[in-house]
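First the structure, in the form of structure tokens, and then the observations on it.
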Amino acid sequence: MKVKYTLLHKDKDTNARYAILDTNHGSYETPMFMSVGTQASVKMLSPLELKEINSAIILANTYHLWLRPGEDVIAHAGGLHKFMNYDGPILTDSGGFQVFSLANYKDISEEGVLFKSHLNGDKLLLTPEKSIEIQNKLDSDIAMCFDECPPYPVSYDYMKKSVERTIRWAKRCLDSHQNENQSLFGIIQGGEFQDLREYSAIETVKLPFDGFAIGGTSVGEEKEVMYKMIEDGIRYLPIDKPRYLMGVGDPLDLFEGVMRGIDMFDCVLPTRLARHGHAFTLNGKINLKNAKYKEDFSPVDENCDCYLCKNFTKAYVRHLIIASETFGQRLLSIHNIRFLIKIMENIRIAIKEDRFLEYKNEFYKNYGTKD
RNA sequence: GCGGAUGUGGUGAAGUGGUUAACACAUUGGAUUGUGGUUCCAACAUGCGUGGGUUCGAUUCCCACCAUCCGUC
């Protein structure tokens, strides 16, 4: 079945909304944060650990799984869920972002994007049809359109051509989509140009997608610019379909997104920061490598209910990180993802009780606005 | 006692008669937003064992001393 979005409550002060998203692998409340597992693994975490922190949808990446191990291997395994033994919902990103992140080796044409494999240098052509075919085989619950995520900044003319092409690609994605059991989301682009955002949203919404994403954000633009990008696109999206803000996961950005009507977020930030020794806390992000934690035997975040915070000290994690022990990275990954998931849990409660702004203000006050 | 070698930042270690003494590790900060999993950026020796001498100028050349290591009695 396709995902089904049921709006249950809209915040009285803002565009924040509380809903239930039914998927092939369970029903989940939104707004939600999705953790990223590019190569069919949320780095450092087991499916069991994901379940313990109340993780719902996770991401996997078409481009990466295409190159390794190959979509057929996963299809033969019985699909991505069986392959990685994860029974929650999985969303696959289309490879569109790699057009941006692997910018050194790309050649974009109407047909698709010519990549140079980061693994062995092979020249590979990823097209909308190919991306969808791969995602069909991976058998994720939600597939994403193959889009172009241009860098920031880029000229108006370039962005206009890019947006128009991404819309043509969106149609090709729909036309080639075969998996009846899989949902397909369209992606709004347009950079910071209001009319292009609007055009992209209006044209994409005409197409029969199961949900809509806002892409092209968090590519180096200022925060205010990003918030404007969201606003310019989101007002054209239907209220009965899920809205996904791609690649955003800074704690404060979650609030800003929810406030503007976003239902789903994903971000590598919690796991990447964890691997580099940083932890989210209610009082802001901290760097556990800092010398001041050498003999700090308090929990990373005393308010947190995760395995790390309930059992270990800052001094211990600091030691593990400095000694390059992967256990430290695991503990921080668990904590950072749990931290964002917990924020979303609290946000949902706040929306239901019509006090989203109150909770947001309280969070900002403690967290500080520097990060 | 004698013979030989070496003495450069926390460590290992380049280097040169002349502006700011490489580099690596460690240390100390910072970065990170649809992940190319030990990443990227920055700071860190007013001084090259000590004291003299030569020189316009010495960490670099000379002398003495001290220290360490090796060999030997």
Item to check | Secondary structure string for RNA chain B (Watson-Crick or G-U under 3.5 angstrom, | for other-strand pairs) | outcome: ((((((((.[[[..)..(....]]].(((((.......))))).....[[[[[..)....]]]]]))))))).
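Side-chain proximity of A/R272 to the nucleotides B/U35, B/G34, B/U27 is greatest for B/U35. Relative to the side chain of A/A291, the nucleotides B/G36, B/G34, B/G29 differ in distance, and B/G29 lies closest. Candidate nucleotides B/G30, B/U27, B/G34 were compared by shortest atom distance to the side chain of A/N287, and B/G30 ranks first. Nearest nucleotide to the A/K285 side chain, out of B/G29, B/G36, B/U32: B/U32. For A/H278, counting side-chain heavy atoms from C-beta on, the closest listed nucleotide (B/G29, B/A31, B/U35) is B/A31.
The residue A/G257 sits apart from the nucleic acid: no heavy atom pair falls under 4.0 Å. Residue A/I187 is in base contact, counting any heavy-atom pair closer than 4.0 Å across all strands shown. Looking at heavy-atom distances under 4.0 Å, A/L254 makes no contact with the nucleic acid at all. A/Q189 comes within 4.0 angstrom of a nucleotide base, judged by non-hydrogen atoms across all strands. Within the 4.0 angstrom heavy-atom criterion, only backbone atoms of the sugar-phosphate kind lie near A/L269; the bases stay farther away. Heavy atoms of A/N290 sit under 4.0 angstrom from primed sugar atoms or phosphate atoms, though from no base atom.
Spacing of P atoms, B/C66 relative to B/A26, comes out at 39 Å, to the nearest Å. For B/G57 and B/A67, the P atoms lie 32 Å apart once the distance is rounded to whole Å. Nucleotides B/U46 and B/A5 are separated by 31 Å at their P atoms, to the nearest Å. Nucleotides B/G52 and B/G12, compared at atom P, are 28 Å apart to the nearest Å. For the C1' atoms, the distance from B/U60 to B/U16 is 6 Å, rounded to whole Å. When the P atom is used for both B/G7 and B/A14, the distance is 9 Å, rounded to whole Å. B/G29 and B/U68: their P atoms are spaced 37 Å apart (whole Å).
Note on A/N61: every side-chain N or O is 4.0 Å or more away from OP1 and OP2 of B/G34. Within the 4.0 Å cut-off from OP1 or OP2 of B/G36, at least one side-chain nitrogen or oxygen of A/Q98 is found. The phosphate of B/G36 has OP1 or OP2 within less than 4.0 Å of a side-chain N or O from A/S101.
Whole-Å rounding puts the A/I90 CD1 to B/G34 C1' distance at 16 Å. Between the CG atom of A/D93 and the P atom of B/G34 there is a distance of 9 Å, rounded to whole Å. Look at CD1 on A/I321: it is 18 Å from C1' on B/A26, rounded to the nearest Å. Separating the CE atom of A/M32 from the P atom of B/G34 is a distance of 18 Å, rounded to the nearest angstrom. Taking atom CD on A/E221 and atom P on B/U32, their separation rounds to 13 Å, with Å as the unit. As rounded to whole Å, 11 Å separates atom P of B/G34 from atom CG of A/D253. Rounded to an integer number of Å, the gap from CG of A/D266 to P of B/U32 is 17 Å. When the C1' atom of B/G34 is taken as reference, atom CZ of A/F100 falls 10 Å away, rounded to whole Å.
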Sub-3.5 Å pairs of nitrogen or oxygen atoms, protein against nucleotides 37-39 of chain B:
unit_1, atom_1, unit_2, atom_2, d
B/G37, OP2, A/K43, NZ, 3.4
B/G37, N7, A/K43, NZ, 3.1
B/U38, O4, A/S324, O, 2.5

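In the model, A/S298 has a side-chain atom that pairs as donor or acceptor with a side-chain atom of A/K314 under 3.5 Å. One side chain, A/H9 or A/D354, offers a donor N or O that lies under 3.5 Å from an acceptor on the other. For the residue pair A/H278/A/N336, the side-chain donor-acceptor check at 3.5 Å is not satisfied. Side-chain atoms of A/T281 and A/N283 form no donor-acceptor pair, as typed in the model, at a separation below 3.5 Å.
Placement of A/L50 and A/L21 in two distinct hydrophobic clusters is found when ILVMFWY residues are connected by side-chain heavy-atom separations under 4.5 Å, directly or transitively.
Ring centers of A/F255 and A/F363: under 6.0 Å apart, within the cut-off. A ring-centre distance under 6.0 Å is not found for A/Y316 and A/F297. A ring-centre distance under 6.0 Å is not found for A/F212 and A/F185. Taking the centre of each ring, A/Y293 and A/H319 stay at or above the 6.0 Å mark. Taking the centre of each ring, A/F193 and A/Y156 come in below the 6.0 Å mark.
In terms of the side chain to side chain donor-acceptor pair (under 3.5 Å) criterion, A/N361 has no residue partners (sequence neighbours excluded). In terms of the side chain to side chain donor-acceptor pair (under 3.5 Å) criterion, residue partners of A/Y5 (sequence neighbours excluded) are, by chain and number, A/R17, A/D263.
If A/K294 and A/M226 are placed on RNA chain B by their nearest nucleotide, the residue sitting closer to the 5' end is A/K294.
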For residues 68-80 of chain A, which side-chain N or O atoms pair as donor and acceptor with protein atoms under 3.5 Å away, sequence neighbours left out?
unit_1, atom_1, unit_2, atom_2, d
A/D72, OD1, A/K137, NZ, 2.9
A/H76, ND1, A/D72, O, 3.2

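Scanning residues 207-215 of chain A for heavy-atom distances under 4.0 Å to RNA chain B yields an empty list.
Ion pairing between a basic and an acidic side chain is recognised when a charged N comes within 4.0 Å of a carboxylate O; A/E203 and A/K171 show no such pairing.
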